[in-house]
Amino acid sequence: MLEKTYDPRPVEEARLASWDAAKLSHSEPRDGGRPYTIVIPPPNVTGALHIGHALNNTLQDALIRHHRMLGVQSCWVPGCDHGGIATQNVMEKQLKAERVDRHALGRDAFLERMQIWTRDCKKTILGQLHRLGASLDWQREAFTMDEPRAKAVYHAFKTLWERGLIYRGERLVNWCVRCATALSDIEVEREERKGALYHIHYRCEDGSDGIVVATTRPITMFGDTAVAINPKDDRWKHMVGKKVLIPFIDRAIPIVEDLYVEFELGTGALKVTPAHDQNDWELGERHKLAVIKAIGPDGKLTEAAGPYAGLSREKAHDQVVADLEAQGFLRKKEAHKSAVQTCDRCGSAIEPLLSLQWFVKQTELAKAPLQALDAGEFEIYPKNWEKPYRDWLVNIKDWCVSRQIWWGHRIPVWYKDGEEPLVSLGSPGALWTQDSDVLDTWFSSALWPLSVFGWPDQTKDLAYYYPTSMLVTGYEILYLWVARMQMMGHAFMGKPAFPVAVMNGIVRDKSGKKMSKSLGNVIDPLLMMDTYGTDALRFALMAQAHPGKDIAFDEQSVVGARNFVNKLWNSTRFVLMNLPETAPVGGYKLEKLSSCRLETVDSWILSRYQATLAKARASLDAYDPAAAAGALYAFLWDEFCAWYIELAKSRLLGIDGEGKENARTILVQVLTGSLKALHPVMPFVTEEIYATLKAYAGESAQFVIKGGYQKLDGDWSNPEIEKEMSKVMSAVTKIRSLRSELGVPPGLKIKAFAEGPFAQAVIGKHRAYVSSLAQLESVEAVCGGRPPRSAAAVADGVTFFIPLSGVVDFAKERERLAKDLVKAEGDIVKCEEKLCNLRAAASAPEQKVAQAKEQRDDALARRDRLQETIAVLS
RNA sequence: GGGCAGUUAGCUCAGCGGUAGAGCAUUGUCCUCACACGACAAGGGUCACAGGUUCAAAUCCUGUACUGCCCACCA
């Protein structure tokens, strides 16, 4: 016998062990049919998994299990990402805590520590995925910096180099002073900060009045090489051709004319600093201006800043502003909001800096992904992300791939005096030195769908598993990762890496705020699993995972899911209690049902069951697990448990052998089929239950996955029966409601009388249903006469009278009826309106008219009955 | 500045052309022989606002107002 309450922990441990032992999640290439393949978005080795990972991976696991249930060979590849800057930052923090300087430690020792950290971190992460029930193909574990992946990176770099798509050049790049490295454009975030706009006067070299420029960053003036004005601006026309002097350092710079300059902004005169601003850089190119660096890679001012050289950006700013003011250069200071660029890894301000970097040309590589999108060979769910994706590819800029950090794939380029740079995996000789930079971590991530299957080698795996079937990831890395995988996929395999990408939302806290350590609102998935069970966490996440939508995560949702797991557990307990100790040969099969003993509720639950399985299946196929989870939850709780089990009880306890067998069969089959449908979302409890039920269901598969989904023979859909049952349910609900309002004790059996057009239909055929569910001692039909001093429950086409025998307050009862009357009258008006509308419209379908008429008549009958009752009670 | 979402019960969200739904929370009654992680019932919403299309709009269209996200070179 099962325990009264489901205890997840021992079940999860035992199930994981048995799945592992059976290697259920392992796949090998085989003949016939395409496999269903997903590569995991490899988590960075920066620490433990968070709740967002739980969502992302549960979604993938549900899809993988779904396909295994369908009998499709499925492969889900696990692995981690070395995580470049993000991971190096973690290590630097550790070192800082130990008061160790990275440079004093040295590159080799540092990397050694990184390797140890990575090893531990991978273990943690993969362990957590395992605990989550993720049915990854553990033998295929990959890491973006292991040897096979390093080979792929090198090969990709070399190939792109040979195709002329990689170049090295001095460009203005996003420089993070804190991380001391260049960043690509999409690793930069923008943040609106309050600052000031400083109007600064530049004297004229010839001693005449000069010009006023406006800037948010006065310290960049030491890098100015011109002041630009609009050629149509009469205010400054007279300055053209003259030279002005930069304050404090008195370097003379020319006034140039350029249409880029706008009249209204600032003073209409723009100081031009090509070394520290993208626009100024372009303007400088047009006018052949000199490039002077005022700020160095360390964030300190350079020699060009004269007396301010060596000061940090912040100190220099304060000092320069103070001096400008003191010496009368500052003409005006106004409040100003400006977009400050920050590093997405450490949050410090980005400095546009001129430096020598490696780039990947993007325009050519973006062509094939664009075509694939247009041809429908690649789709993004939800669809509205396709436009931003396209726009990004269309307006794409070259990708700066070199990073001045230590943790990553070292750029495979070697230099020697007097020789051309050489691309080589290993050292070409003692006199050669390797480029000290490493590649952007996304370079290796971009190759992930290829590299995990052995590319560049033309392996059997690659041929079998590539292209993958789909990808699940967050929309925040749509460009950073998804687009680049597609570019690489096309570039090296001539095919998209996957035909579908599903965007999962961000898991936020319950008030919708992003989770962060500093806010203290982080939810630890492990804690949720420990407290409520893994199935509960998975179900809670899936029940809210509408495509592309963020989730406001409330722990209460896991409580609800835990309760549902327990409900499932207990309904199984009930079913088992009502089955013989040993299963009959062949089990309880639907085809063995005795059709002459099939009751309304049997046909009804089978009809609902069929509809629910179809809905769950279609929802998963449409990447909407929330809809699938919702359909199964509602079916099992509100239909199967609330009605079917209740109505089956009398037969299970009764003496009618065939009736009992019918009920047992349906209980076993519907429960088994439903838990199989739930298996992709809650694998543990369903596996456990399946083990106890399968013999009764006539199945012998060792695991749910092996058995596959329930195959439903025949069409059980039955709208007529559903309608009939809804009348019974309406009757029961109305009587219960009346009892509750009248304060009739729940256990007390009472007499009832029924009247109305459907009275015979309901109490004739379904007297037993109504009596047992509404706790009636008896229910008889009456014609025309209503019993004296009785209350009425007006249901769908039937009115039930309950003699009150002096227990009830008549005034209170009248009040209640008056309320119902208002509702009934409102309904009549609405139905009349609708009917009127439908009649007026030539196009209105006849079926709709009939339906509306029925609704109207029902409301009318209800009103009459209520009025009558009120009269009786007055 | 451009684009994309969202605005429905106290909270979190479904519904997306025909009489307003769920879960949680709240209230009441029950430890009824599967489950108190339960049962039964109750209260609670002019579906952001303004126009329009339609016989009929929470649902389609157009604007407006907030909220969030993405993108963008404005000193």
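Only this structure's heavy atoms are used, side chains among them; waters, hydrogens and symmetry mates stay out. Chain letters run A, B, ... following the sequence lines, proteins first and then strands; every chain starts at 1.
Taking a pair to require two hydrogen-bonding distances under 3.5 Å in either a Watson-Crick or a G-U wobble arrangement, C40(B) pairs with G28(B). A20(B) makes up no base pair with any nucleotide shown, lacking Watson-Crick or G-U wobble contacts both under 3.5 Å. The partner of U53(B) is absent, by the rule that a Watson-Crick or G-U pair needs both atom distances under 3.5 Å.
Spacing between A20(B) and U62(B) at atom C1', rounded to whole Å, works out to 25 Å. Comparing the P positions of C40(B) and A48(B) gives an interatomic distance of 32 Å, to the nearest angstrom. Separation of the P atoms belonging to U27(B) and U67(B) is 34 Å when rounded to the nearest angstrom. C13(B) and U7(B) have their P atoms separated by 10 Å, with the value rounded to a whole Å. With P as the reference atom, G28(B) and G43(B) are 15 Å apart, rounded to whole Å. On the C1' atoms, C69(B) is 40 Å away from C55(B), given to the nearest whole Å. Nucleotides C37(B) and U32(B) place their P atoms 14 Å apart, quoted to the nearest Å.
The existence of a salt bridge linking Glu832(A) and Arg856(A) is confirmed by a sub-4.0 Å separation between a basic side-chain nitrogen and an acidic carboxylate oxygen.
Remark: the Arg562(A) side chain and the C37(B) base include a donor-acceptor N/O pair separated by less than 3.5 Å.
Within the nucleic acid shown, Val261(A) comes within 4.0 Å of at least one base atom, counting heavy atoms only.
A donor-acceptor contact closer than 3.5 angstrom is absent between the side chains of Asn570(A) and Tyr6(A). Checked by atom type, the side-chain pair Asn230(A)/Asp258(A) shows no donor-acceptor distance below 3.5 Å.
Residues Tyr198(A) and His317(A) place their aromatic rings such that the two centres sit under 6.0 Å apart.
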